[in-house]
Amino acid sequence: MLDQTPKIPNYEIISPLGSGTSGQVWLAKDRFGERRAIKMAHIDHISSSDYQRRFRREVRAQQQLYEVSSHVARIFDYDEKHIPPYIVM
């Protein structure tokens with residue numbers, strides 16, 4: 001089940017796209033009106049001791065894959081300090 005609609009600086013959350021065991025994905029618009037997907041971790045996952053390390057590794061891996069393949073979503077923004085952390089694609 002999707003949590004309450006999140007508030008993310010510089011993004012207007014439009015609607016939920018889906019939810020899984022580790023997080024949620026929301027449809028949003030950036031300040032230029034471009035549609036983006038925002039992936040957010042479930043709040044109960046971010047308290048684990050290695051969450052920030054895994055979050056940074058996921059961001060780096062996706063950025064590296066995007067450089068070599070047009071079939072990987074581009075990361076436009078992310079914030080590991082936000083509660084909950086998010087990745088904008």
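What you see below is based on every heavy atom in this structure, not just the backbone, and it leaves out hydrogens, waters and symmetry mates. Along the sequence shown, residues are numbered consecutively beginning with 1.
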Checklist entry - For Gln52 and Lys81, what are the C-alpha separation, side-chain angles and deciding distance, and is it a side chain to side chain contact (heavy atoms under 4.5 Å, CB included)? => result CA-CA 9 Å; Gln52 282 193 348; Lys81 303 294 183 193; 4.1 Å; yes
Checklist entry - Is NZ or CZ of Arg36 both nearer than 6.0 Å to the six-membered ring centre of Tyr11 and within 45° of the ring axis? => result no
Item to check | Separation between CD of Glu80 and CZ of Phe55, rounded to the nearest 0.5 Å | outcome: 6.5 Å
Checklist entry - Ile13 and Pro6: which non-hydrogen atoms are nearest, and at how many Å? => result CG1-O, 3.3 Å
Checklist entry - At their closest point, which heavy atom of Ala28 faces which heavy atom of Ile14, and how far apart are they? => result C-CD1, 3.9 Å
Checklist entry - Salt bridge between Glu34 and Lys29, side-chain N to carboxylate O under 4.0 Å? => result no
Item to check | Crowding at CZ, Arg35 (>12 non-hydrogen neighbours, <6.0 Å) | outcome: no
Checklist outcome for this item: All heavy atoms of His42 vs all of Gly20, minimum pair found to be NE2-O, 2.8 Å
Checklist entry - Taking side chain as C-beta onward, heavy atoms only, is Ile75 less than 4.5 Å from Val88? => result no
Next on the checklist: Donor-acceptor check, side chain of Asp30 to backbone of Gly33, threshold 3.5 angstrom: yes or no?
Outcome noted: yes
Checklist entry - If only atom types and distance count, is the side chain of His82 paired as donor or acceptor with the main-chain N or O of Pro9 below 3.5 Å? => result no
Checklist entry - With the threshold set at 4.0 Å, does a side-chain nitrogen-carboxylate oxygen contact exist between Glu58 and Lys39? => result yes
Next on the checklist: Nearest 0.5 Å, please: how far is OH in Tyr78 from CZ in Arg56?
Outcome noted: 9.0 Å
Item to check | Between CD1 on residue Ile87 and CG on residue Asp79, distance to nearest 0.5 Å | outcome: 11.0 Å
Next on the checklist: So, taking the atom named CE in Met89 and the one named OH in Tyr86, what distance separates them when rounded to the nearest 0.5 Å?
Outcome noted: 12.5 Å
Checklist entry - Stepwise, does the side chain to side chain contact (heavy atoms under 4.5 Å, CB included) test hold for Met40 with Ile38? => result CA-CA 6 Å; Met40 304 178 82; Ile38 300 181; 3.8 Å; yes
Checklist outcome for this item: Tightest non-hydrogen contact, residues Ala41 and Tyr51, listed as CB-OH, 3.1 Å
Checklist entry - Between Ile8 and Phe76, is there a shared hydrophobic cluster once you connect ILVMFWY residues whose side-chain heavy atoms come closer than 4.5 Å? => result yes
